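Letters A, B, ... mirror the listed sequences (proteins, then strands); counts begin at 1. Given the structure is predicted, the values throughout are model-derived calculations rather than measurements. Heavy-atom basis, side chains included; hydrogens, waters and symmetry copies ignored.
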Amino acid sequence: MIRVKRDEQPQCGCEQHGAQQEIGRRGFLKRLAGATALTGLASQGLTTRLSFAADGYNGDVLVVLSLKGGMDGLNAVVPTFEPRYLSLRPNTGIREAALIKLDNNFGLHPSLRPLKQFWDEGTLGIVHAVGMSSPTRSHFKAMAEMERAAPGTSIRSGWLDRTLGLRETGTSYRGVQIGASVPSAALMGQSPELAMLSVDTFTLAGIKNADERKRWRRALADMNANAPKPMAAPAKTALSALTEATDMQREGYAPRPTAEYPRTELGRAMKDVARLIKEGNGLQVACVDFGDWDMHAGMGDVDDGWLHDHFSEFARSVAAFAIDLGPIMNRVSLLTLTEFGRRVKENGSGGTDHGHGQAVFLLGGGVEGGQIHGQWPGLGEADLVDGDLAGTTDYRAILAEALEKRCGAGSMSEVFPNLSSDRIGAFKPRN
Amino acid sequence: MTTTRRDLFKMAGTLGFAGSVGAVASALPIEAAEAAVTPKPGSSFVPADQNLHLLRRATFGPTPDLLASVRNKGRAGWLDTQLDANSIDDSDCEKFVKSRFPKLFWTIPEAKNKVAKGDRWNYLISLAMATIARQTWSKRQLHEVMCDFWSNHLHVTAPIEGVWFSRHDYDRKVIRQHALGRFEDMLIASAQHPAMLLYLNNAESTKVEPNENYGRELLELHTVGLDASYSEAEMFDSALIMTGFTVDAEDGTFRYNGYSHHTGPVKVLDFEDNNPTGGGGYDVALRYLRYLAQHPSTAHHIARKLCVRFVSDEPDEALVDALAQTYLDNESEIAPVLRHLFTSEAFENSVGDKFRRPLEDVIATLRILDFKPEARGTDSMRSLYYICNEVGQAPFAWDLPDGYPDTAAAWQSAGTTLNRWNRHLSLAGGWFPKTLRKPPLRNLLPKRLPRTFGGMVDDLAKRLVFRELSNEHRDVVLSLLQRRAGDPFRSDHADAHWLMAPAVAIILDSPYHGIR
């Protein structure tokens with residue numbers, strides 16, 4: 001595919017950049033109410049320990065960032081000890097001198113520099129050579145399988161839908177897709193998800209009066225209540241989430257001044273996720289898509305071009321998110337997924353074709369950070385599978401570990417059927 | 001937007017408002033939000049009339065004129081006319097498009113020369129604006145629906161860097177030209193079009209440095225589909241066969257470059273060729289494309305997509321098989337397949353089984369309200385593009401090569417639902433886009449006005465959704481308007497005018513309008 005280049009558009013005028021409201025007034029009150037449920041975490045600071053208890057869910061907020069199109073893990077987290085890396089990628093490979101050293105074996109693409117501080121702090125971890133049990137080089141099959149996450153079964157729901165389905169309670173904000181008009185297939189299924197382009201556009205336009213709003217909401221609910229599910233479900237979710245969204249819009253949102261979100265779709269989406277987390281309205285799972293990684297041609301140079309710009313936007317957005325949340329990141333686990341990595345050998349168009357083994361970024365207070373997890377399969381001729389980096393860690397094992405250790409999940413058999421109990425130790429148990 | 005819902009009611013002079021908006025509120029637990037209501041099937045919201053059923057599926061939205069036309073010609077006759085799109089006089093719409101968007105008729109070299117660097121993005125968006133105009137106002141409605149279908153099937157994202165000088169031509173020469181013709185011709189045209197070759201990187205694929213992007217999607221998305229179970233080696237041969245199909249760097253047109261064509265034996269499924277020379281590579285590729293277009297798996301793949309488009313999200317396999325056979329019997333001609341589909345029992349029985357996607361909702365709303373573009377300029381079209389983008393389905397904007405999804409499950413979004421509701425009201429109220437020519441809402445009612453508000457709601461529903469609402473839903477509309485069924489409705493009352501916009505909007509917000 002060729003590059004989808006969208007201009008960095010100005011943010012919509014409705015945002016308020018006035019008061020430094022770290023936490024919305026109501027969010028603060030709710031967190032106080034939740035405080036009685038949690039004790040003994042004084043050292044983590046008020047905002048952290050009081051979060052998320054109001055709806056009965058005490059696990060981490062799980063943020064899933066989908067890098068659709070096939071993100072190039074080999075150029076993101078470069079195996080500097082592999083001589084074949086540069087011989088297979090003479091034009092597109094990143095030379096060691098340009099990389100940010102992570103350890104003796106791996107270096108980070110220079111555009112990912114904003115993430116380095118979290119590596120140093122121990123909150124950023126990386127799993128390399130991550131794969132799927134039934135690899136495919138089809139974008140669409142790989143995406144569908146990745147989000148369904150139930151290979152060898154006829155299950156049709158997504159893994160996040162099944163995750164939410166196991167929990168008894170939740171608000172209409174428990175599973176949110178931000179920044180997209182269609183929800184991730186990972187959220188599809190029985191549990192209602194809330195998909196919105198942004199918090200500020202989630203509004204019933206033109207109503208300024210409580211009485212009138214009430215009448216519209218009742219009418220909209222009644223008109224759609226017995227509609228077939230594809231209409232009734234989003235209508236119901238929209239109406240139940242509206243009050244909260246309207247209040248958030250009135251309060252406005254000012255991130256921490258040190259959190260410099262890029263003025264892009266991804267930057268805005270990540271800012272909205274942080275906003276929802278601070279609001280404390282019951283967010284359990286947030287999904288954000290950041291696509292356009294299918295760089296078959298013209299991926300550019302180490303300091304310029306498509307891959308450089310994309311890594312940079314990704315890293316700046318994620319870093320701003322973590323800075324914005326500060327200590328709250330102790331109760332947030334962010335992970336990235338892409339349907340496959342790229343072919344090890346570059347093609348003739350200054351790009352790479354579809355491959356397999358991918359790199360997964362993990363960020364949060366619960367991450368065993370400052371480490372590359374997983375098993376490195378090697379880039380030797382015999383190590384590659386059909387020219388691809390092998391997948392030595394099933395991506396579902398990472399998700400399962402996050403759910404088990406950070407999100408209070410019990411048995412994984414319903415979420416990830418037929419998944420072995422092997423875990424790689426990428427997360428710390430919750431205290 | 002300056003007028004608000006509140007203002008509408010204020011102008012109606014009916015409300016005394018309590019001042020302050022709610023105090024501390026919290027998100028409702030889902031379980032407590034509402035008592036469970038049993039969903040009714042879609043068929044209980046839309047009229048069973050087969051004429052309307054056909055119009056809801058085969059056009060961008062029924063209108064009273066269209067209904068009269070189907071009743072007059074009979075469904076078979078109407079369908080025959082629509083399938084022979086050139087027989088329909090569409091000069092008003094074409095004149096509009098040609099006069100407002102003349103640059104879209106430039107050749108590729110002209111566009112490459114004349115479109116200013118800072119104007120490329122706009123140039124691509126103007127194609128989507130013209131498309132919205134055609135979907136709304138063309139009389140060749142089935143042709144427009146099929147253009148949308150094929151644009152998603154042989155998808156080339158726009159706006160996107162790299163296709164700025166060719167995407168408009170792709171729309172004209174590949175999609176519009178063949179939308180009701182033969183798939184084989186359309187496939188071959190797409191394979192030789194700079195927009196596709198650049199989008200999926202075939203333009204830079206050579207024997208020395210093959211790029212497999214196009215070769216893969218040609219099989220997976222455009223023709224046989226993954227079910228055909230070709231191997232990775234065959235996929236790679238698919239890419240090799242297409243090497244040499246490239247784009248002239250100077251004028252931006254298609255060029256076959258025999259020198260960069262891979263030579264040597266190739267095999268994809270049952271297609272085999274010794275492919276001995278670069279000079280003969282073009283013909284090998286055309287034979288390959290014809291083979292793919294006429295392959296039973298392609299027939300099945302396209303038949304299934306057509307069924308999902310027109311019949312049901314989970315179509316009956318027997319119908320898919322039968323349509324695939326019709327496709328093969330007619331050597332990939334589209335019209336016989338569509339005729340078969342629309343006259344099948346499975347189609348007849350599918351009333352209420354499909355839902356309008358966001359774009360279809362917006363266009364159907366414009367059509368049923370009988371809105372027309374402004375007398376000059378393109379401001380209203382730009383605003384409509386903005387609206388389509390906001391509801392998540394601007395033409396061509398899907399950023400993956402598989403085109404917009406076509407099932408209801410994929411489009412279940414609370415945010416989009418809210419935006420659709422907002423747009424119904426802003427369109428009905430005439431607030432945005434301001435520049436559209438809008439007949440007064442009173443024209444939606446019969447010449448002889450209803451005497452009561454109950455009668456007004458009945459007449460409005462008959463005009464907008466071709467049936468009366470259930471008693472329960474009629475009451476919902478009336479209580480939104482704060483009127484009783486028997487309250488007198490008089491056209492000289494100001495409130496009769498101001499209360500019509502919310503009445504129109506709430507009807508369009510319902511499954512009576514949302515179901516296709």
Report which part of B:Val208 has an atom under 4.5 Å of a heavy atom belonging to chain A: side chain, backbone, both, or neither. neither

Turns out that what part of B:Asn419 lies under 4.5 Å from chain A's heavy atoms comes down to side chain

A:His296 NE2 to B:Asn202 CG distance, which is reported to the nearest 0.5 Å: 11.5 Å

Interatomic distance, B:Leu480 atom CG to A:Arg218 atom CZ [nearest 0.5 angstrom]: 11.5 Å

Between B:Glu212 and chain A, with a heavy-atom cut-off of 4.5 Å, which part of the residue counts as in contact: side chain, backbone, both or neither? both

For A:Lys214, the side-chain contact (heavy atoms from CB on, under 4.5 Å) test, sequence neighbours excluded, returns none

Which one wins on heavy-atom pair count under 4.5 Å against chain B: A:Glu193, A:His354, A:Arg137, A:Lys229? A:Arg137

Most contacts with chain A, counted as non-hydrogen pairs under 4.5 angstrom, among B:Phe355, B:Tyr404, B:Tyr214: B:Phe355

Taking the side chain as every heavy atom from C-beta outward, state whether A:Asn226 and B:His473 have any pair of such atoms under 4.5 Å apart. yes

For chain A, find which of B:Gly42, B:Gly514, B:Ala410 contributes the most heavy-atom pairs closer than 4.5 angstrom. B:Ala410

Looking only at heavy atoms, which two atoms of A:Pro228 and B:Pro511 are closest? And how far apart? CD-CB, 4.5 Å

Determine the minimum heavy-atom distance between A:Pro183 and B:Ser413, stating which atoms define it. CD-CB, 4.4 Å

Is there a side-chain contact between B:Leu400 and A:Met143, using heavy atoms and a 4.5 Å cut-off? yes

Considering only heavy atoms and a distance below 4.5 Å, find which of B:Glu217, B:Glu472, B:Glu209, B:Glu390 pairs most often with chain A. B:Glu209

First locate atom CG of A:Asp294, then atom CG of B:Asp399, and finally report the distance between them rounded to the nearest 0.5 Å. 11.0 Å

A:Trp216 vs B:Pro502 side-chain heavy atoms within contact, under 4.5 Å: yes

Using a 4.5 angstrom heavy-atom cutoff, name the option from B:Ile515, B:Asp402, B:Leu221 with the most pairs to chain A. B:Asp402

Derivation of the side-chain contact (heavy atoms from CB on, under 4.5 Å) call for B:Leu418 and A:Leu242: CA-CA 9 Å; B:Leu418 276 177; A:Leu242 204 49; 3.6 Å; yes

For B:Gln412 and A:Pro234, work out which heavy atoms get closest and say how close. OE1-CD, 3.8 Å

Side chain / backbone / both / neither for B:Ser479 at chain A, heavy atoms under 4.5 Å: backbone

Heavy-atom closest contact (A:Asn347 atom, B:Pro210 atom, distance): CB-O, 4.2 Å

Would you compute the distance between atom CZ of A:Arg215 and atom CG of B:Leu481 and round it to the nearest 0.5 angstrom? 8.5 Å

With a 6.0 Å cut-off (strictly less than), is the heavy-atom count around NZ of A:Lys141, excluding the residue itself, greater than 12? no

Would a distance-only check, ignoring hydrogens and angles, find a side-chain to backbone donor-acceptor pair under 3.5 Å from B:Asn422 to A:Ala205? yes

Test B:Leu226 against A:Phe140 for side-chain contact (heavy atoms from CB on, under 4.5 Å), laying out the working first. CA-CA 10 Å; B:Leu226 285 177; A:Phe140 309 101; over 6 Å; no

If you round to the nearest 0.5 Å, how far is CE of A:Met223 from CH2 of B:Trp421? 11.0 Å

What part of B:Pro358 gets closer than 4.5 Å to chain A, counting heavy atoms only: side chain, backbone, both or neither? neither

So which residue, A:Ala219, A:Ala245, A:Gly298, A:Ala185, ends up with the most heavy-atom pairs under 4.5 Å with chain B? A:Ala219

So A:Asn224 and B:Thr417, do their side chains get closer than 4.5 Å, heavy atoms only? no

Looking only at heavy atoms and a cut-off of under 4.5 Å, which of A:Ser138, A:Gly291, A:Ala233 has the most pairs with chain B? A:Ser138

Heavy-atom proximity to chain B below 4.5 Å, by part of A:Ala232: neither

For B:Val465, which residues count as a side-chain contact (heavy atoms from CB on, under 4.5 Å) partner, sequence neighbours excluded? B:Ala461, B:Arg467, B:Leu469, B:Ile507, B:Tyr512, B:His513

Here the gap from A:Asp353 atom CG to B:Met235 atom CE, rounded to the nearest 0.5 Å, amounts to 7.5 Å

